[in-house]
Amino acid sequence: MFLSELGWREFAKHTAFHFGPLEQRNLNARFDTFPWLFERDAGFDAWKFGRTGFGIVDAGMQELWQTGFMHNRVRMIAASLLTKNLGLDWRIGEAWFWDTLVDADEASNPFNWQWVAGCGADAAPYFRIFNPDLQQKKFDPDGAYVSKWAPYSMTLPQIIDLKATRADALQAYHALVR
Ligand SMILES: Cc1cc2nc3c(=O)[nH]c(=O)nc-3n(C[C@H](O)[C@H](O)[C@H](O)COP(=O)(O)OP(=O)(O)OC[C@H]3O[C@@H](n4cnc5c(N)ncnc54)[C@H](O)[C@@H]3O)c2cc1C
């Protein structure tokens with residue numbers, strides 16, 4: 001596992017070296033016409049400051065804001081919520097991580113954002129949309145992580161409907177890859 005993560009990191013560096021910079025241009029040019037909801041609306045602010053009502057995402061965003069670090073699993077879940085459920089352009093999430101991560105890296109950060117969004121090299125298939133509630137059950141079963149970073153989140157209403165936004169995202173992605 002450790003070696004495969006190092007291999008992934010080197011793949012990011014290799015891609016940035018030969019095809020970068022990666023933080024603006026979609027590696028898969030088909031995504032240049034993808035209908036992101038570019039606006040930095042209320043959803044973006046809620047995501048940034050851990051007020052989405054999705055405990056594991058809110059905890060991760062608080063951990064990031066307070067310490068400059070976030071676990072890899074939570075980075076993937078938070079990035080998936082932003083791009084696939086909130087429908088926001090991966091570049092605004094990438095820029096926020098760039099500003100707040102102490103390990104912000106010009107290859108790994110945009111490379112992994114593009115991977116989550118579906119437009120990257122060897123990217124996650126478009127139909128892979130993390131369900132933050134299920135991820136929380138699986139990876140934080142006793143709630144220790146959420147209680148530590150965002151206990152208030154349990155009382156917040158969830159800002160979007162997971163099912164409906166998932167269906168919208170699948171439709172948009174499907175139209176693109178068809
Ligand atoms: C949306 C998103 C953005 C990211 N942005 C960055 C970034 O700006 N800078 C950065 O260094 N990493 C980034 N990563 C990758 C990964 O999250 C971190 O490298 C990892 O969390 C580091 O944790 P750790 O030091 O405990 O390493 P461990 O989990 O103990 O892993 C050991 C080493 O393997 C490498 N590594 C582990 N996981 C990954 C991975 N998925 N991709 C690439 N390398 C990995 C790291 O160099 C790490 O030091 C990002 C991942 C995602 C999903």
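Note that this is a predicted model, so its numbers are computed, not measured. Counting begins at 1 with the first residue of the sequence. Atoms within a ligand are numbered from 1 in the order they appear, just like the ligands themselves.
Paired with Thr52 under the rule side chain to side chain contact (heavy atoms under 4.5 Å, CB included), one option of Ile160, Leu156, Val57, Leu82 passes, and it is Val57.
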| said: Working note: Trp47 + Asp58, criterion side-chain hydrogen bond (donor to acceptor under 3.5 Å, both in side chains); need CA distance, chi angles, decisive distance, verdict. | reply: CA-CA 7 Å; Trp47 178 84; Asp58 291 348; over 6 Å; no

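Ring planes of Phe34 and Tyr173: tilted class, angle from 30 to 60°.
Considering each of Trp98, Trp113, Trp115, the one bringing a non-hydrogen atom nearest atom 1 (C) of ligand 1 is Trp113.
Looking only at protein heavy atoms, the nearest one to atom 14 (N) of ligand 1 is Arg75 NH1, 3.4 Å. Of all protein heavy atoms, the one closest to atom 7 (C) of ligand 1 is Asp103 O, 3.4 Å. Here the protein heavy atom with the shortest distance to atom 17 (O) of ligand 1 is Asn72 OD1, 2.9 Å. Protein heavy atom closest to atom 39 (C) of ligand 1, with residue, atom name and distance, is Glu5 OE1, 3.3 Å. Protein heavy atom at the shortest distance from atom 44 (N) of ligand 1 is Arg9 CB, 3.4 Å. In terms of protein heavy-atom proximity, atom 15 (C) of ligand 1 is closest to Asn112 ND2, 3.7 Å.
Residue Phe69 touches ligand 1 through its side chain alone, judged by heavy-atom distances below 4.0 Å.
Any N or O atom pair closer than 3.5 Å counts here, and Asp105 shares at least one such pair with ligand 1. Inclusion of Asn109 in the set of residues having an N or O under 3.5 Å from an N or O of ligand 1 is warranted.
The backbone N or O of Phe19 lies less than 3.5 Å from a partner atom in the side chain of Arg25, making a donor-acceptor pair. Counting only distance, with no hydrogens or angles, the side chain of Thr155 and the backbone of Tyr152 share a donor-acceptor pair below 3.5 Å.
For atom 42 (N) of ligand 1, a protein heavy-atom neighbour is present inside the 4.0 Å cut-off. Within the 4.0 angstrom cut-off, atom 12 (N) of ligand 1 has one or more protein heavy-atom neighbours. Less than 4.0 angstrom separates atom 48 (C) of ligand 1 from none of the non-hydrogen atoms of the protein. When distances from atom 23 (O) of ligand 1 to the protein are checked, a heavy atom turns up under 4.0 Å. Proximity of atom 30 (O) of ligand 1 to the protein is not indicated, since no non-hydrogen protein atom lies closer than 4.0 angstrom. Distance remark: protein heavy atom present below 4.0 angstrom from atom 9 (N) of ligand 1. For atom 36 (N) of ligand 1, a protein heavy-atom neighbour is present inside the 4.0 Å cut-off.
Listed by number with element, the atoms of ligand 1 under 4.0 Å from a non-hydrogen atom of Leu6 are 33 (C), 34 (O). Interface of Trp8 with ligand 1, defined as ligand atoms under 4.0 Å from a residue heavy atom, comprises 40 (C), 41 (N), 42 (N), 43 (C). Atom numbering of ligand 1 starts at 1 in the shown order; those under 4.0 Å from a heavy atom of Met76 are 53 (C). For ligand 1 and Phe2, the ligand atoms under 4.0 Å from any heavy atom of the residue are 32 (C).
Electrostatic pairing of Lys163 and Asp161 does not count as a salt bridge here, judged by no charged N lying under 4.0 Å from a carboxylate O. Salt bridge present: Arg75 and Asp103 bring a charged side-chain N and a carboxylate O closer than 4.0 Å. In summary, Asp45 and Arg51 do not engage in a salt bridge, as defined by a charged side-chain N under 4.0 Å from a carboxylate O.
Defined by atom type and a distance below 3.5 Å, a donor-acceptor pair is present between the side-chain atoms of Arg73 and Gln135. Judged by distance alone, the side chains of Asp133 and Gln158 do bring a donor and an acceptor atom under 3.5 Å apart.
Residue contact annotation: Ala104 has a non-hydrogen atom under 4.0 Å from ligand 1.
Under the 6.0 Å cut-off for aromatic ring centres, Trp65 and Trp96 qualify, their centroids lying closer than that. Remark: aromatic rings of Phe111 and Trp8 are close, center separation under 6.0 Å.
Using a 4.5 Å heavy-atom cutoff, the side chains of Met61 and Phe49 are not in contact.
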